[in-house]
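I have placed the structure first, in the form of structure tokens, so that the comments after it can refer back to it.
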Amino acid sequence: MKRTKIKNALNSEHPMAEVTVKGWVRTKRDSKGFSFLELNDGSCLKNIQVIVDHTPEIEAELARIGTGASVSVDGELVESPGKGQKWEVRGKALKLIGEADQETFPLQKKRHTDEFLRGIAHLRPRTNKYGAMFRIRSELAQATHKFFAERDFFYVHTPVLTGSDCEGAGEMFRVTSLEHGSKAPIEEDFFGKPAHLTVSGQLEAEMFALSLGDVYTFGPTFRAENSNTPRHVAEFWMIEPEMAFVDLEGNMGFGEEMIKYLVRHILDNCAEDVELFAKWVNKQLMTELEILLKKDFVRLPYTEAIDILLKSKKEFEFPVEWGIDLQTEHERFLCEEKFNQPVYLYDYPKTIKPFYMRLNDDDKTVAAMDCLVPRIGEIIGGSQREERMNVLLARMKEMELPEEDYWWYVDSRRFGSAPHSGFGLGFERMLMLVTGVSNIRDVMPFPRTPKHLEF
RNA sequence: UCCCCAGUGGCUCAAUCGGCAGAGCGGGUGACUGUUAAUCACUAGGUUCGCGGUUCAAGUCCGUGCUGGGGAGCCA
């Protein structure tokens, strides 16, 4: 018989004379003459309760069934006479599919620490919390595409492999098909020149914004930084919209609209899973998200931010003056203490920002923007791009970038250039925002961090 | 990479001043005719992260390495 997903069985409007459910046993409770099984198949947070009488055939199966085993149950869906659930399955036939040895199966019925579960990342989606996490992750990805589709954006697949080794100041992963330790000249390597994993699809996305209008990329991104923090991983997913004929203000407005849309979508579509996080992970979660949805994001020019920091009379480890790159302590003060809500900082000094950001009329600042949210820090980083070819070339020269490596990028300004803007939004940080989880390693199926390439 | 903290049974933790390694949960066995992290009884389970040192004696003190966590830096 066709399998009914537990989610659908639990949401059933009426009893079912014949039903088959399959899933993993969360717990088994034996009595004389009958047993209860709690079954979860991942379709939703809740388990379905199965009751089976101890016929000889069923008893033989039950003897080998414990927490973690996968089973199949044929029976009927009936209203449960017990408290705690509406429906239960009265099992007629019970079949063990995959045994789980109780002596060595690492998941128990009790709560485990996140640290322990990280060590068994291959099994943690079988827990309530991580099951909920990865259902939300899936929904958040779907919502991202939905958001863009509803606004007539095109989804662009920018390359993961890149040939420019000066794509950014960040450390990049080298890609090669040569043997380790090979002394062969670079010309003999696969591409005949140094190849790396992408740190951003932005430059390529810009080419498509200047042809398809509104586009976005959504894919994996790599950073070889030796970072050991709860906010950094070597491989993560980034959403990067790029929009033609949009200035910095439009860019910030769009980012705010997007964050609010995604939060709203998850609250509306993953209520049960989110509730788990609000209850067990972060008690302030719902309050935080309500504030985020209700208030307009603060818009604060960098220069004013420096002013606020100077006037705060707060002792910072890193002294504040105009021109510095803001440190974590500064960002936290502004976002969590001063405003306690999402804050856009914009118009940064050109000296601390990359070459492609549009130079403002003051000749000192560029049209950059960062969106900071409490608890997470930077969730969006973006800018209006420099569309004036002569200014762009001057900036590249200033920063000693080899023009020839960017010939195609400069070409987009040579032919039919237009104002355009975009930003990058860290997908995992967005997940941390909606779930209240504080370590990025716990919002990814198999996180990659320095010295960790297990699974 | 730097600073701080931690590592004891499968998991979460305890162990006084350096003096017999323990509990709860989980596992196993049994009891129980509607359980809900079921309950009750019995039971097994230890290289106290590795290496070296101090000491009559080290889970405990010292050195070192590894692992984990937190903070910072790095970070398109």
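These numbers come from the heavy atoms of this one structure, side chains and all, not from hydrogens, waters or symmetry mates. Just so you know, these numbers come straight off a predicted model, no measurement behind them. Sequence lines set the chain letters: A, B, ... in the order given, protein chains first and strands last, and positions in each chain run from 1.
- OP1 or OP2 of B:G73 sits under 4.0 Å from a side-chain N or O of A:Gln327.
- Across all strands shown, A:Thr113 has heavy atoms under 4.0 Å from sugar-phosphate atoms exclusively, and none from any base.
- For A:Ser227 against B:C74, a side-chain N or O and a base N or O form a donor-acceptor pair under 3.5 Å.
- Pairing partner, B:U64: B:G50, with both Watson-Crick or wobble hydrogen-bond distances short of 3.5 Å.
- Between the side chain of A:Glu225 and the base of B:U1, no donor-acceptor pair under 3.5 Å is found.
- Under 4.0 Å is where a charged nitrogen must lie from a carboxylate oxygen, and between A:Arg385 and A:Glu242 at least one such pair does.
- Across all strands shown, B:A41 forms a Watson-Crick or G-U wobble pair with B:U29, both key distances being under 3.5 Å.
- Using atom P as the reference point in both B:A6 and B:C13, the two lie 13 Å apart (nearest Å).
- Between A:Asp370 atom CG and B:C75 atom C1' there is a gap of 12 Å when expressed in whole angstrom units.
- One finds a side-chain N or O of A:Thr328 lying less than 4.0 angstrom from the OP1 or OP2 phosphate oxygen of B:G73.
- B:U1 sits 45 Å from B:C20 when the C1' atoms are compared, rounded to a whole Å.
- For the C1' atoms, the distance from B:U60 to B:G18 is 7 Å, rounded to whole Å.
- In this entry B:C2 has B:G71 as its Watson-Crick or G-U wobble partner, both defining distances falling under 3.5 Å.
- Across all strands shown, B:U16 forms no Watson-Crick or G-U wobble pair with both key distances under 3.5 Å.
- Figure legend: A:Arg299 and A:Phe297 shown without cation-pi pairing, the cationic atom not lying both under 6.0 angstrom from the six-membered ring centre and within 45 degrees of its axis.
- Looking at heavy atoms from C-beta onward, A:Lys22 lies out of side-chain contact with A:Leu39 at the 4.5 angstrom threshold.
- Mapping A:Gly33 and A:Phe116 onto RNA chain B via the closest heavy atom, the residue that lands nearer the 5' end is A:Phe116.
- The gap from the C1' atom of B:C62 to that of B:A58 amounts to 11 Å, rounded to the nearest Å.
- A donor and an acceptor atom sit less than 3.5 Å apart, one in the side chain of A:His232 and one in the base of B:C75.
- Minimum atom distance to the side chain of A:Arg90 is reached by B:G34, of the listed B:C75, B:G34, B:U1.
- Rounding to whole angstrom units, NE2 of residue A:His54 and P of B:C32 are separated by 12 Å.
- Taking atom CD on A:Glu454 and atom C1' on B:G68, their separation rounds to 15 Å, with Å as the unit.
- In this structure B:C49 sits in the anti conformation; its chi angle is more than 90° from 0.
- At the phosphate of B:U67, neither OP1 nor OP2 sits under 4.0 Å from any side-chain N or O atom of A:Arg118.
- The C1' atoms of B:U39 and B:C25 are separated by 15 Å, rounded to the nearest whole Å.
- For the C1' atoms, the distance linking B:A31 with B:G69 amounts to 44 Å, nearest Å.
- A salt bridge does not link A:Glu76 with A:Arg90: every distance from a Lys NZ or Arg NE/NH1/NH2 to an Asp or Glu carboxylate oxygen is 4.0 Å or more.
- Note on A:Asn226: a side-chain N or O is less than 4.0 Å away from OP1 or OP2 of B:U1.
- Using a 4.0 Å heavy-atom cutoff across all strands shown, A:Gly82 reaches at least one base atom of the nucleic acid.
- A ring-centre distance under 6.0 Å is not found for A:His54 and A:Phe34.
- With rounding to whole Å, A:Asn439 atom CG is found 12 Å from B:G68 atom P.
- At a cut-off of 3.5 Å, with distance as the only test, no side-chain donor of A:Asp53 or A:Thr55 sits close to an acceptor on the other residue.
- A:Ile120 places its CD1 atom 15 Å from the P atom of B:G68, with the value rounded to the nearest Å.
- The separation between A:Phe173 atom CZ and B:C74 atom C1' is 14 Å, rounded to whole Å.
- A donor and an acceptor atom, one from each side chain of A:His452 and A:Thr449, are nowhere located under 3.5 Å apart.
- A:Arg441 comes within 4.0 angstrom of the backbone, heavy atoms only, and of no base.
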Margin query: Generate the contact string for nucleotides 25-30 of chain B. Rules: B means base contact, S means sugar-phosphate contact only, - means no protein heavy atom under 4.0 Å.
Written below: SSSS--

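- A:Glu206 and A:Gln202 form a side-chain donor-acceptor contact under 3.5 Å, judged by distance and modelled atom types alone.
- At B:A37, none of the side-chain N or O atoms of A:Arg29 fall inside 4.0 Å of OP1 or OP2 (strictly under the cut-off).
- Among the atoms of the strands shown, none is found under 4.0 Å from any heavy atom of A:Pro106.
- Residue contacts shown for A:Lys353 are absent, as no nucleic acid heavy atom lies under 4.0 Å away.
- Of all heavy-atom pairs between A:Gly68 and A:Trp24, the closest is O-CD1, 3.6 Å.
- At a cut-off of 3.5 angstrom, the base of B:U1 holds at least one donor-acceptor pair with the side chain of A:Asn228.
- Here the separation of B:C32 from B:C42, taken at their C1' atoms, is 15 Å to the nearest Å.
- As rounded to whole Å, 12 Å separates atom P of B:C66 from atom NE2 of A:His452.
- At whole-Å resolution of the value, CD in A:Glu378 and P in B:G73 are 13 Å apart.
- Counting non-hydrogen atoms under 4.0 angstrom, A:Ser31 reaches a base of the nucleic acid.
- A:Arg29 and A:Gln49 are linked by a side-chain donor-acceptor pair at a separation below 3.5 angstrom, with hydrogens and angles left out of the test.
- Between the side chains of A:Asn251 and A:Tyr346, no donor-acceptor pair is found at a separation under 3.5 Å.
- When heavy atoms are screened at a 4.0 angstrom cut-off, A:Glu240 is found touching no nucleic acid atom at all.
- Comparing B:C51 with B:G7, their C1' atoms sit 16 Å apart, to the nearest whole Å.
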